[in-house]
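Quick notes on the structure that follows.
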Amino acid sequence: MQRHHVSDSARSILLQTKTDFPPGPEDAHKLHRAMIALSEYCIEWGQTQIAADTLAFLLLRGNIDPDSFMRADELFADLESRICPRVILDAREFAADMDLLSMLEYLLDLAPRQQN
C-alpha cells in the first residue's frame with residue numbers, strides 16, 4: 001500500500017511540476033525529500049540501481065537543502081560500499097545528463113501504477 005502512495009504522490013508532484021516549472025523552493029524541497037524516501041524504499045527492495053541513479057542525481061544538484069543533501073550523501077556512501085563500482089559509475093554518468101523533469105519521468109516510468 002505504501003508503495004502506491006509514494007508513486008501517486010510523485011505523479012501529483014510531476015503534474016504540478018509540468019504546469020509550474022521550475023518548482024518553487026518549498027516544492028523543490030518536498031520533491032527532494034520524496035526522492036530520498038523513494039531511494040530508501042528501493043534500497044530496501046533491492047533496487048540498488050534506481051536508488052543509486054536517484055541519489056547521484058540529488059547529489060549533483062546545487063539547490064538541495066543541507067539536511068536532504070546529508071541524507072542522500074549518507075545513503076549513497078552506504079551503497080558505494082556495498083554494490084558493484086560499475087553501478088555507481090553508471091549512476092553518476094546517468095545523473096549528470098538528467099534535468100529534473102527527465103529524472104522525474106524516469107522515476108515515474110519505473111513506479112507501479114495503482115490498479116482501480
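Below, all heavy atoms of this structure are taken into account, side chains as well, without hydrogens, waters or symmetry copies.
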Rounded distance (nearest 0.5 Å) linking atom [atom1] of [X] with atom [atom2] of [Y]:
X     : Y      : atom1 : atom2 : value
Leu79 : Ile88  : CG    : CD1   : 5.5 Å
Leu55 : Arg92  : CG    : CZ    : 11.0 Å
Leu59 : Asp73  : CG    : CG    : 5.5 Å
Met70 : Asp65  : CE    : CG    : 10.5 Å
Asp53 : Leu107 : CG    : CG    : 8.0 Å

Check your understanding: In terms of the angle between their ring planes, are His29 and His32 parallel, tilted or perpendicular, with boundaries placed at 30° and 60°?
Key ->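 Ring orientation, 0 to 90° scale: perpendicular.
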Practice item. Before accepting this row, confirm whether a basic side-chain N of the pair Asp67/Arg71 lies closer than 4.0 Å to the acidic partner's carboxylate O. Key: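 No, no charged N to carboxylate O under 4.0 Å.
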Review point. Quick one: do Glu26 and Arg33 make a salt bridge, cutoff under 4.0 Å?
Key: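 Salt bridge: yes.
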What heavy-atom pair brings [X] and [Y] nearest, and what distance separates the two atoms?
X     : Y     : value
Ile43 : Arg82 : CG2-NH2, 3.4 Å
Val87 : Ala52 : CG1-CB, 4.4 Å
Ile36 : Ser68 : CD1-O, 3.2 Å
Ala95 : Ala56 : CB-C, 3.7 Å

Practice item. In sequence, state the C-alpha distance, the side-chain angles, and the governing distance for Asp99 and Met103, and then conclude on side-chain contact (heavy atoms from CB on, under 4.5 Å). Key: CA-CA 6 Å; Asp99 62 12; Met103 186 64 178; over 6 Å; no
Practice item. Please assess Ile50 against Tyr106 for the test side-chain contact (heavy atoms from CB on, under 4.5 Å), listing each intermediate value before the final yes or no. Key: CA-CA 10 Å; Ile50 298 166; Tyr106 160 73; 4.0 Å; yes
Review point. Do any N or O atoms from the side chain of Ser102 and from the backbone of Met98 form a donor-acceptor pair under 3.5 angstrom?
Key: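 It does not hold such a pair.
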Review point. If only atom types and distance count, is the side chain of Ser39 paired as donor or acceptor with the main-chain N or O of Met35 below 3.5 Å?
Key: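 Indeed, once roles are kept as given, a pair shorter than 3.5 Å links the two residues.
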Practice item. Report yes if some heavy atom in the side chain of Leu31 is under 4.5 Å from a heavy atom in the side chain of Leu100; otherwise report no. Key: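 Touching, per the 4.5 Å side-chain cut-off.
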Point to revise | Qualifying ring pair (Phe, Tyr, Trp, His ring centres under 6.0 Å) pairs, either residue in residues 50-80, two or more places apart | key: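 Sorted result for residues 50-80: empty, none.
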